[in-house]
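Everything below concerns the one structure shown next.
In what follows, every heavy atom counts, from backbone to side chain, and hydrogens, waters and symmetry copies are set aside.
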Amino acid sequence: MAPYAAPVKNNKGCSCPHDSGHMTTQTKRHRWTRWAGAALAFALVGGAAWHWQRSSIPDAKVEPAAQAATAEPDLLRYPAGSAQLQMLRVVEAHASGVPVAGALSARVAYDEDVTAKLGVSYSGRIVAVRAAPGDHVRAGQVLAEIDSPDFGTARADVDKAAADLRRKRLATQRLRDLATDDGIPARDLEAMEADLSQAEAELIRAQQRLRNLNPHALRIDGQRLKLVSPIDGVVTERSASPALEVAPGMAAPLFVVSDTRRLWLIIDMPERLLARVKPGAMASVESDAYPERRFSAQIMQLGQAVDPNTRRVPIRAAMSNTGGELLPEMYVRALLLQESGKGFRIPNEALVNRGVQQFIFVEEATGSFRRRQVKLLAQGSDASYVGDGLTEGERYVTAGALLLDAELTARAAAKP
């Protein structure tokens, strides 16, 4: 049996029956093998991804637009189905008025000319409610029925005054017949005629009071009075409820009926713009509820005093609401328009700024876009108004303009 030989430690501190130089070469060889395998795996994965990308894009054989476009420096063309076209949004340009300033805070309100706030001028109790909020009602339609002792008393006063007047008329006529034959003293006839005049006045007073309690002369059932709508419109508010005690001077009206197709717009205008706005001018109205819609309003009256707290002047404008989109007490934004001149309202994301110049991209044909310089008439935080450089009916890019400009820039830089 051969004697035991102790292992020799190499310079790395490990025990091995072989020499240290042989162990170092083997370690390097293993490391190189691992690096080569990782590089090969990375190349295989990259090649597979490239092959998948080429096979998944239908237009992979089409050259990039920056290379396939013509020599015109401001023109880009894309073939149908290009991925770039899916990233663009193109809209049609329409002219509108140009604002004198930025958007102003405004509030939608009832048109008081076509709004009725109904209360009562007598005491009583509601016995029936005939209309609910949101109901469309016609002029003369019953909204509620109210039992009113005051109204019963007023009717009784009329009947009593009429009976007293008939009695005194008969008595006066008899005295007149007797007075012709000198059958009575003249002072008796004069006293009776004075009583007759007082009876006539009392009947007129009682009738007027009853007429105030029933201004529309509706049919009355005992002392039950019918509260009716004086106009065609919509019941926008109702505080009436069955068995509610009513009286003159209530804090809230029982019903509010308004023709919501007509509204007022109350605009808070800075006093510095007072000289630039006149009655009859137009305003464009924007609402967060309908971001794509623009409503039109016409200035009717300028405020006669400046609010000392806000330094604003209230402006009243009339606006049409035939579609019923806007609601009273809704907050909106108003743009006061210049009396003359037209422009094109475009979102700021459609503008490409190059120094002091502004450009947009106009669609000349399907998939063909040209960069064109425009002149700004007014600029706001969200949108601007363009004058020269755009015409009615032209289609322009609103989303993706910066991408088109970057591609033109890259194409120009790639030229020798």
Electrostatic pair [X]-[Y], nearest N-O below 4.0 angstrom:
| X | Y | value |
| --- | --- | --- |
| Arg205 | Glu202 | yes |
| Glu193 | Arg176 | yes |
| Lys168 | Asp164 | yes |
| Glu145 | Lys226 | no |

Taking [X] for its side chain and [Y] for its backbone only, find out whether a donor-acceptor pair lies under 3.5 Å.
| X | Y | result |
| --- | --- | --- |
| Gln141 | Arg138 | yes |
| Arg370 | Val362 | no |
| Asp177 | Arg174 | no |
| Asp111 | Asp113 | yes |
| Ser287 | Ala289 | yes |

Could you state the interatomic distance from [atom1] ([X]) to [atom2] ([Y]), rounded to the nearest 0.5 Å?
| X | Y | atom1 | atom2 | answer |
| --- | --- | --- | --- | --- |
| Leu404 | Phe361 | CG | CZ | 5.0 Å |
| Thr153 | Lys160 | OG1 | NZ | 11.5 Å |
| Arg262 | Thr322 | CZ | OG1 | 13.0 Å |
| Arg167 | Arg169 | CZ | CZ | 13.0 Å |
| Leu170 | Leu165 | CG | CG | 9.5 Å |
| Leu403 | Leu88 | CG | CG | 7.5 Å |

Side chains of [X] and [Y], donor plus acceptor under 3.5 Å:
| X | Y | value |
| --- | --- | --- |
| Tyr110 | Thr236 | yes |
| Glu394 | Thr391 | yes |
| Gln223 | Tyr122 | no |
| Tyr385 | Gln338 | no |
| Thr409 | Arg354 | yes |

Any heavy-atom pair between the side chains of [Y] and [X] that's under 4.5 Å?
| X | Y | result |
| --- | --- | --- |
| Val313 | Asp307 | no |
| Met319 | Trp264 | no |
| Thr310 | Asp268 | no |
| Leu143 | Val228 | no |
| Pro248 | Ser123 | yes |
| Glu286 | Arg294 | yes |
| Met330 | Val332 | yes |
| Val374 | Phe359 | no |

Side chain to side chain donor-acceptor pair (under 3.5 Å) between Asn348 and Ser384, intermediate numbers included: CA-CA 6 Å; Asn348 286 339; Ser384 300; 2.6 Å; yes

Salt bridge (charged side-chain N to carboxylate O under 4.0 Å, His left out) assessment of Arg107 paired with Glu329: CA-CA 6 Å; Arg107 175 178 58 88; Glu329 303 306 324; 3.4 Å; yes

Given side-chain contact (heavy atoms from CB on, under 4.5 Å), test Leu351 with Leu376 step by step and report yes or no. CA-CA 10 Å; Leu351 291 173; Leu376 295 185; 4.1 Å; yes

Where is the tightest heavy-atom contact between [X] and [Y], given as atom of each residue plus distance?
| X | Y | result |
| --- | --- | --- |
| Ile146 | Val246 | CG2-CG2, 4.0 Å |
| Leu244 | Ser239 | CD2-O, 3.7 Å |
| Leu326 | Asn321 | O-ND2, 2.9 Å |
| Gly97 | Leu337 | O-CD2, 3.6 Å |
| Asp232 | Ala139 | OD1-N, 2.6 Å |
| Ala378 | Val98 | CB-CG1, 4.2 Å |

The side-chain hydrogen bond (donor to acceptor under 3.5 Å, both in side chains) partners of Asp74 (sequence neighbours excluded) come to Arg371

Which residues pass the side-chain hydrogen bond (donor to acceptor under 3.5 Å, both in side chains) test with Glu392, not counting sequence neighbours?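 Counting only residues at least two positions away or on another chain, Glu392 forms a side-chain hydrogen bond (donor to acceptor under 3.5 Å, both in side chains) with His94.
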
Should the heavy atoms of other residues, nucleotides or ligands under 6.0 Å from [atom1] of [X] be counted, would the total exceed 12?
| X | atom1 | answer |
| --- | --- | --- |
| Met250 | CE | yes |
| Arg333 | CZ | yes |
| Arg125 | CZ | no |
| Arg89 | CZ | no |

So Ile267 and Leu336, side-chain contact (heavy atoms from CB on, under 4.5 Å) or not? Walk me through it. CA-CA 9 Å; Ile267 307 172; Leu336 301 176; 3.9 Å; yes

Decide salt bridge (charged side-chain N to carboxylate O under 4.0 Å, His left out) for Arg395 and Glu364; before the verdict, give the C-alpha distance in whole Å, the side-chain angles of both, and the deciding distance to 0.1 Å. CA-CA 8 Å; Arg395 293 172 59 81; Glu364 295 185 340; over 6 Å; no

Lys278/Leu302 under side-chain contact (heavy atoms from CB on, under 4.5 Å): CA gap, chis, key distance, verdict: CA-CA 8 Å; Lys278 303 296 181 184; Leu302 303 181; 5.6 Å; no

Check each of Leu75, Leu85, Ile360 against Phe369 using the side chain to side chain contact (heavy atoms under 4.5 Å, CB included) test, and report the only one that passes.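 Single side chain to side chain contact (heavy atoms under 4.5 Å, CB included) partner of Phe369 among Leu75, Leu85, Ile360: Leu85.
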
Would you sort out whether Phe255 and Val129 count as a side-chain contact (heavy atoms from CB on, under 4.5 Å), showing the intermediate values? CA-CA 11 Å; Phe255 293 88; Val129 178; 4.2 Å; yes

